Protein chains: 2
Amino acid sequence: MRKIRKFSAPEPSMRRLPAYLHVLTRLLRENRLYVSCTFISNELYLDPTQVRKDLALTGIVGKPRVGYSVEELIDKIKAFLGWDVQRNAFLVGVGNLGTALLGYQRFRLYGLNIVTAFDKDPRRIGKTIFGVDVLHVDKMTNLALRNKIDIGIITVGEDAAQEVADLMVQGFIKGIWNFAPKTLIVPDDVIVENAQLSVSLGVLTSKMKLSQTEKNMV
Amino acid sequence: MRKIRKFSAPEPSMRRLPAYLHVLTRLLRENRLYVSCTFISNELYLDPTQVRKDLALTGIVGKPRVGYSVEELIDKIKAFLGWDVQRNAFLVGVGNLGTALLGYQRFRLYGLNIVTAFDKDPRRIGKTIFGVDVLHVDKMTNLALRNKIDIGIITVGEDAAQEVADLMVQGFIKGIWNFAPKTLIVPDDVIVENAQLSVSLGVLTSKMKLSQTEKNMV
DNA sequence: TATTATTCGTGAATTAATTCTCTATTGGAG
DNA sequence: CTCCAATAGAGAATTAATTCACGAATAATA
C-alpha cells in the first residue's frame, strides 16, 4: 500500500539529504545510471537502512538488485527539499557574511535567487554587489509585497534582527533564514530556520574537548 | 550522587547551548543575577525540563525557587562548549565565504583565533585580509606542525576539500570545520564538523514546501 | 532454466531524546 | 513562625530515530 505523504519529516533525515545529493551529482557526472543504498552508505559512513528510509521520504522506488536511478533520485531529492522551484529572496545586512552570501554561486543549484539586498548604512546603500542592488531597509516591506518574495535572509547583528524579522513578516515573507545570534518571534505561519555559525562551531569545539578529556583518562 | 562526566552528549543538546548563551549574555548586560529554566524556556520556546537537562550537562547546580547564577551558568556553558580556551586555527580557501569568516569578529567570543589563511590562487597570496596573512597552501602543513594549530577551516570548493583535509591531518590538526559540500575522509582521532549552508537552506525550503502542501489540503 | 547473490522494502526491536510526574528545597508573604 | 508558591532535580513514561531481521524481487551466472 502506498503511504500517504506526511506533513513533516524527521529533521535528521532532512539534514542528510543534501549529502546524498553531493554523491549523486558526482555519480551523474561519471555517467552512472543506478546506485544502491549500500554504495551511498559506504560513501557517507551511514547505515544502509538509514539511507533507504531517508530516500523513501522522497517517494523514490528502487529496483531490487539494481538500486535507484541516479537521475530520478536527484530529481526526487531536489523536489523533496523544495529545490525544484525558484524562490525569490531578500537579504538584509550587507556585512561580511551578507556579502559572502550574495556571491555564493551555488545557491542557484538550490533554487535560491537573491533579488535585492538591504542595509541601513548609507555607505552601503546604492552599491551593487555581485550584481545585486543594495537599498535602504525601509524600502524592503513594500518591495516584498509588490514582488512576492518567498525568503528573507537576515545577516544583521543580534540587535537589529527582530526588527528586520518584523518587517519581513509585514512584507508577507513566509520563510526566514536567520544568521543572527537571536531567537526570532514570528507568527505561526512563518518558518524560521536558524543558521548560526556558533552552533556548528560549538559542536566541533565541544567534541574536541570531550575527546581530549577521554584521552586524559586512558 | 554526583554523576560522572560523560564522554559524549546528545547533539541536539549541544546545538541548543549557544542559544542559551545568547539569552544569558543579554541578562548579564541587564545585571540580572539569577535565571530560572522557566524563564529561558519561555524566551526560546522550549520545554523547561529540556532546558534543565541541557543545562545539567554543564555541571551547573541551581537553587530551588531562585534558579541558576547567570554568571556561573555562562561560564559553565562556555566551558562545556570548549569556548573557555583559545584555539588557533588555519583557514584554507579565501573566497567569499572564507573572507567573511576572516572578518567575523564574533569568533573571538568563542575562543577561535584564525592565525593564518591559505589559498592556491596567486592573486590572493601575499594579501592581508582583516589582519590575517594569506599564504600559499603548500606552506600550511609545516606551519601547522610548528605552531600547534587546533582547528582547520575548509572554505575551498568541493574538488579541493579532501586534498586540503589531508594536508591538515598531516599537520596534526585534530579538528576540521568543513564548509565544502563534500564528506571528508579522516583518521578516527580527527573530528570533522560539517557546516554546509545547503543543509540549513534545505531544512527551510523543505519545511516551506511541506507547509504549502498542508495548506492545499485544508 | 534453475540457482545464487544482491538489493529493496517493511515491520520489529532497540536506542536516543523528549516530556511528564513527583519530591525536596527554599525564599517570601502572611 | 508557618504556609505558600516557585523551582531544581531525578526517575518514569512517552515519543522519535536508528538499527536489526527477514521476505520478495530480480539480474547475473552456471
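This one's a predicted model, so the numbers in the text were calculated from it and none came from an experiment. Quick note on labels: first sequence line is chain A, next is B, and so on, each numbered from 1.
Distance CG (A/Asp54) to P (D/dA17): 11 Å, rounded to an integer number of Å. As rounded to whole Å, 11 Å separates atom P of C/dC8 from atom CD1 of A/Ile60. Across the protein-nucleic acid pair, B/Lys53 atom NZ and D/dT7 atom P stand 19 Å apart, rounded to whole Å. In this structure, A/Leu73 atom CG and C/dG9 atom P are separated by 11 Å, rounded to whole Å.
For A/Phe90 and A/Phe118, the ring centers are positioned less than 6.0 Å apart. A centroid separation of less than 6.0 Å is found between the aromatic rings of B/Trp177 and B/Phe107.
Remark: side-chain polar atoms of B/Thr58 are not paired, donor with acceptor, to backbone N or O of B/Lys76 under 3.5 angstrom.
Along DNA chain D, the nucleotide nearest to A/Val66 and the one nearest to B/Val66 differ in position, and the one closer to the 5' end is contacted by B/Val66.
Between A/Lys207 and B/Glu11 there is a salt bridge, with a side-chain nitrogen of the basic residue lying less than 4.0 Å from a carboxylate oxygen of the acidic one.
Screening B/Asn88, B/Ile151, B/Leu91, B/Asp150 for a side chain to side chain contact (heavy atoms under 4.5 Å, CB included) involving B/Val115 leaves a single residue, B/Asn88.
Looking only at atom types and distance, the side chain of B/Asp166 has a donor-acceptor partner in the side chain of B/Gln162 under 3.5 Å away. Between B/Asp54 and B/Tyr20, the side chains place a donor N or O and an acceptor N or O closer than 3.5 Å (distance only, hydrogens not considered). With no hydrogens or angles considered, a side-chain donor-acceptor pair links B/Asn194 and B/Asn178 at under 3.5 Å.
Contact between the side-chain N/O atoms of B/Arg52 and the OP1/OP2 oxygens of D/dA8 is found at a separation under 4.0 Å. Phosphate proximity of C/dG9 to A/Tyr68: present, with a side-chain N or O under 4.0 Å from OP1 or OP2.
B/Arg32 forms a cation-pi arrangement with B/Phe39, by the criterion of a distance under 6.0 Å to the ring centre and an angle within 45° of the ring axis.
Ranking D/dA8, D/dA27, C/dC8 by closeness to the A/Lys63 side chain, first place goes to D/dA27.
At a cut-off of 3.5 angstrom, the base of D/dA28 holds no donor-acceptor pair with the side chain of A/Arg65.
Near DNA chain D, defined here as any heavy-atom distance below 4.0 Å, there are no residues from residues 11-31 of chain B. Within residues 38-51 of chain B, the residues that have a heavy atom under 4.0 Å from DNA chain C are, in order of number, B/Asp47, B/Thr49, B/Gln50.
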